[in-house]
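As C-alpha cells, the structure follows; a few thoughts come after it.
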Amino acid sequence: MSGVIVTNPPKAPAEDVEALARYGVATLGEAMGRTGLLGPGIRPVQQGVRVAGTAVTVLSWPGDNLMIHAAVEQCGEGDILVVTTTSPSTDGMFGELFATALHRRGVRGLVIDAGVRDTQELREMGFAAWSRAVSAQGTVKATGGSVNVPVVVDGRVVRPGDVIVADDDGVVVVPREKARRTAEASETRERKEAASRAAFIEGQLGLDRYGLREKLRQLGVTYQPYEEYAAGERP
C-alpha cells in the first residue's frame, strides 16, 4: 500500500473551533440536523472531558502504526489526531509514548477507529482519547499509508482541518466550512433549551410545551381509566 503525506492542509479558524468547544456533542449534532456524529462504537477512555480541535487524519494498515509516527510531525497546537485503518482492526495502535509526543506538540486528543492501550497512563497524563477498542495487542511498522487525506471513520467522512468535538457522549465532526454557522445554530439551540429547562423546573410538561397532546390525538393515542382498561373495554 503506497500513500501520501499532505502538508499544511486548510483548517477551520481557531476562533470557530473555540466557539464550537462551548457546546456538547449532542447539541452540535442536533444543530447540524442530526448529522456529523460518529457511531456509538467510538467511546472515551476517560470521563468528564470535552475537547475540540482540528483534524489531522491518518489512514493506516490494520495492526500497523507506522503512519501514526509520520502523522506526529504534521500535528500542531490545537489539533486532534484522527486515525482509521483500511479494514477493521482492534489492535492497540496507540499508547503512552505517542501521547507524550503529541502532548508536547499541543495536540488535544485522539479519535481512533481501532484500539488504544496504556489507558491508565493516558488518563493520568490528561491525554484524551476516544477509541473503537482497548487492547494490549501490539503492532508493527511495515506498511505505507496516508496522512491528511479524507478518511471514513465509522461511516462518516473526516477531512483534514475539519473540527472534531468529543465528550462523554461520543464524537462529532463539523466540516470546516460549516464551523461558524454550526456554532451559531448551537447557541440558538442552547437558548431554547435553557428556556425549556426553566419551564420544566416550574412544573410545565413537555406534552404542553411542545404541543404534543395534539400529536398524540392525531396518532390515535387515547386516555382510559384503569378500571375500563383492566376490564378489557378497549376504545
Side-chain angles (χ1 to χ4, degrees), residues 11-12 14-29 36-60 65 67-85 89-136 139 147-148 151 153-154 156 158-174 176 179 182-183 186:
K11 295 183 178 182
E15 59 269 25
D16 293 346
V17 176
E18 296 311 310
L20 291 168
R22 295 196 291 266
Y23 306 104
V25 166
T27 295
L28 294 169
L37 297 171
L38 303 191
I42 308 293
R43 301 302 306 154
V45 303
Q46 68 287 305
Q47 291 291 305
V49 174
R50 180 189 298 163
V51 297
T54 45
V56 172
T57 61
V58 181
L59 179 63
S60 290
N65 66 6
M67 298 313 296
I68 299 179
H69 283 279
V72 171
E73 183 181 27
Q74 304 304 315
C75 290
E77 186 72 36
D79 286 332
I80 292 178
L81 188 65
V82 179
V83 181
T84 191
T85 53
S89 175
T90 58
D91 294 337
M93 297 177 64
F94 185 99
E96 176 199 3
L97 293 180
F98 272 136
T100 299
L102 290 174
H103 186 267
R104 172 68 177 79
R105 302 178 76 87
V107 173
R108 295 175 177 176
L110 166 79
V111 175
I112 182 169
D113 196 0
V116 296
R117 59 184 185 176
D118 304 331
T119 55
Q120 179 178 340
E121 289 82 358
L122 295 182
R123 288 189 291 270
E124 288 174 350
M125 68 186 295
F127 189 86
W130 286 255
S131 70
R132 169 73 59 186
V134 173
S135 174
T139 56
V147 176
N148 277 334
V151 298
V153 181
D154 215 26
R156 183 69 56 186
V158 182
R159 301 170 306 160
D162 285 345
V163 184
I164 301 295
V165 182
D167 62 17
D168 289 350
D169 290 338
V171 182
V172 64
V173 53
V174 181
R176 55 183 182 262
T182 298
S186 297

Working to the nearest 0.5 Å, report the span between [atom1] of [X] and [atom2] of [Y].
X	Y	atom1	atom2	result
Glu96	Phe127	CD	CZ	12.0 Å
Asp169	Arg50	CG	CZ	9.0 Å
Ile112	Thr90	CD1	OG1	10.5 Å
Ile164	Leu38	CD1	CG	6.5 Å
Thr100	Glu121	OG1	CD	9.5 Å
Ser60	Ile68	OG	CD1	5.0 Å

If every non-hydrogen atom of [X] is compared with every non-hydrogen atom of [Y], which pair is closest and at what distance?
X	Y	result
Asn65	Met93	ND2-O, 3.3 Å
Asp154	Gly41	OD2-N, 4.4 Å
Cys75	Leu81	SG-CD1, 3.9 Å
Val165	Tyr23	CG1-O, 4.0 Å
Val163	Ala12	CG2-CB, 3.4 Å
Gly170	Val25	O-CG2, 3.4 Å

Beyond-backbone contact of [X] with [Y], side-chain heavy atoms, under 4.5 angstrom:
X	Y	result
Thr85	Asp113	no
Trp130	Val51	yes
Val58	Val82	no
Phe94	Val83	no
Met67	Val147	yes
Leu28	Thr182	yes

Are any of the side-chain nitrogens in [X] or [Y] under 4.0 Å away from the carboxylate oxygens of its partner?
X	Y	result
Glu18	Arg108	yes
Arg105	Asp79	no
Arg176	Asp16	no

Under the side chain to side chain contact (heavy atoms under 4.5 Å, CB included) criterion, do Thr54 and Asp162 qualify, and how do the steps go?
CA-CA 5 Å; Thr54 45; Asp162 285 345; over 6 Å; no
Quick check against the 3.5 Å criterion: does Asn148 have a side-chain atom that pairs as donor or acceptor with the backbone of Val56?
no
When you measure from the side chain of Arg123 to the backbone of Val45, do you find a donor-acceptor pair of N or O atoms at a distance under 3.5 Å?
yes
